[in-house]
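Each residue takes its place number in the sequence, starting with 1.
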Amino acid sequence: MSTSAHPSAGAPAAGSTVTDRLVAANERYAASFGDPGRDARPVLGVAVVACMDARLDLHAALGLELGDCHTVRNAGGVVTDDVIRSLTISQRALGTRSVVLIHHTGCGLESLTEEFRHELEMEVGQRPAWAVEAFRDVDQDVRQSMRRVRTSPFLLHTDDVRGFVFDVTTGLLREIDPAPGPAAAPA
């Protein structure tokens, strides 16, 4: 029995919304759900910070099962104060020791600027308290995120922090060296 909320999994009732489909899919899921008997501590002791992009199926891409990791997602997979908050709770209260950062090719934040905040302020009459965290160089942004994790005074475990770029066309991860190498000399 399918529990998918995808439209191809069954015709939605007239007037139903996407949220209605999600709730119906949850009811099908819950009908065969069994408590896995685990607590909130991730089995692998790892927290994964990634972009919210719908093309990233983190569990499938990393071979993870339910309960293996904590997953923190936001636009760009950027290490913000709230991500540090989540990682701090993950480490200090729930025992994670490793952090994996995953950005990706073709990220929407590469086409935005901080001007987005200004436009939003003009539209709604209030300036957002948050930064867009737009970037032009995904590798450099991964390096910045690694630095933010490694230098946070709140995190206990900063020795196993690794960053990657997920290629949305191949599904492969490319590891980012935390310190960029010297530029190649012209030939």
Side-chain angles (χ1 to χ4, degrees), residues 40-64 66-121 126-184:
R41 293 176 173 273
V43 173
L44 299 179
V46 63
V48 178
V49 178
C51 185
M52 66 185 192
D53 192 291
R55 297 171 290 180
L56 277 70
D57 183 348
L58 292 175
H59 278 75
L62 301 174
L64 296 167
L66 182 67
D68 281 349
C69 72
H70 282 157
T71 306
V72 181
R73 295 182 80 157
N74 67 21
V78 177
V79 175
T80 61
D81 287 346
D82 195 58
V83 169
I84 293 295
R85 172 189 155 276
S86 293
L87 291 175
T88 301
I89 293 167
S90 177
Q91 287 189 357
R92 291 179 176 265
L94 298 164
T96 60
R97 299 182 63 87
S98 300
V99 178
V100 173
L101 306 170
I102 301 177
H103 287 35
H104 66 91
T105 58
C107 184
L109 285 188
E110 291 176 290
S111 62
L112 288 177
T113 66
E114 291 298 322
E115 182 67 18
F116 179 83
R117 289 176 71 220
H118 176 70
E119 292 166 0
L120 197 55
E121 179 182 13
Q126 182 177 343
R127 185 171 192 85
W130 39 263
V132 173
E133 298 275 357
F135 56 87
R136 295 284 178 255
D137 182 334
V138 68
D139 291 15
Q140 189 57 32
D141 201 60
V142 171
R143 286 185 192 98
Q144 176 175 296
S145 289
M146 284 191 279
R147 277 191 302 275
R148 286 178 176 174
V149 171
R150 288 184 173 141
T151 60
S152 173
F154 306 110
L155 299 174
L156 295 172
H157 308 288
T158 58
D159 54 324
D160 188 13
V161 177
R162 293 171 65 184
F164 299 86
V165 173
F166 177 86
D167 187 315
V168 297
T169 61
T170 66
L172 289 172
L173 290 175
R174 177 173 52 84
E175 187 158 10
I176 301 301
D177 185 335

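Taking CZ from F135 and CG from D141, the interatomic distance works out to 4.5 Å, rounded to the nearest 0.5 Å. Taking CZ of R85 as the reference point, atom OG1 of T80 lies at 10.0 Å (rounded to 0.5 Å). If you take CD on Q91 and OG1 on T96, they are separated by 4.5 Å, rounding to the nearest 0.5 Å. Between the SG atom of C69 and the CG atom of L62 there is a distance of 7.5 Å, given to the nearest 0.5 Å. Separation of atoms CZ (R150) and CG (L155) is listed at 12.0 Å; rounding is to 0.5 Å. Taking OG1 from T88 and CG from D82, the interatomic distance works out to 10.5 Å, rounded to the nearest 0.5 Å.
The side-chain heavy atoms of D68 and H59, taken from C-beta on, include no pair separated by under 4.5 Å. At least one side-chain heavy atom of R73 sits under 4.5 Å from a side-chain heavy atom of L58. Between D160 and R97 the shortest side-chain heavy-atom distance does not fall below 4.5 Å. Within the 4.5 Å cutoff, side-chain heavy atoms of L101 are placed close to those of M146. Contact of the H70 side chain with the S86 side chain is not registered, since no non-hydrogen atoms from C-beta on lie closer than 4.5 Å. Proximity of T113 to V132: side-chain heavy atoms (C-beta onward) are nowhere separated by under 4.5 Å. Using a 4.5 Å heavy-atom threshold, the side chains of H103 and F166 count as separate. P128 is not listed as a side-chain neighbour of F116, based on a closest heavy-atom distance of 4.5 Å or more.
When atom types are taken as modelled, the side chain of S111 and the backbone of G108 share a donor-acceptor pair closer than 3.5 angstrom. In this structure a side-chain-to-backbone donor-acceptor pair under 3.5 Å is present from R117 to W130.
Nearest heavy-atom pair, T105 versus V168, reported as atom, atom and distance to 0.1 Å: OG1-N, 3.0 Å. Among all heavy-atom pairs drawn from E133 and L109, the shortest one is O-CD1, 3.7 Å. Contact detail for L56 and C51: the closest heavy-atom pair is CD2-O, 4.3 Å. Nearest heavy atoms, V100 versus I102: CG1-CG1, 3.9 Å. When all heavy atoms are compared, the tightest approach of I176 to R143 is CG2-CG, 3.9 Å. Between H104 and D53 the shortest heavy-atom distance is CE1-OD2, 3.2 Å.
Under the side-chain hydrogen bond (donor to acceptor under 3.5 Å, both in side chains) criterion, R92 pairs with no residue at all, not counting sequence neighbours. Residues meeting the side-chain hydrogen bond (donor to acceptor under 3.5 Å, both in side chains) test with Q144, sequence neighbours left out: none. The side-chain hydrogen bond (donor to acceptor under 3.5 Å, both in side chains) check on R147 picks up nothing, with sequence neighbours excluded.
By the 6.0 Å contact criterion, CD on E115 is enclosed, its count of non-hydrogen atoms from other residues, nucleotides or ligands being greater than 12.
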Under the side-chain contact (heavy atoms from CB on, under 4.5 Å) rule, what do V138 and E110 come out as? Steps first, then yes or no, please. CA-CA 8 Å; V138 68; E110 291 176 290; 4.1 Å; yes
Determine, stepwise, if the pair L44 / L64 fulfils side-chain contact (heavy atoms from CB on, under 4.5 Å). CA-CA 9 Å; L44 299 179; L64 296 167; 3.7 Å; yes
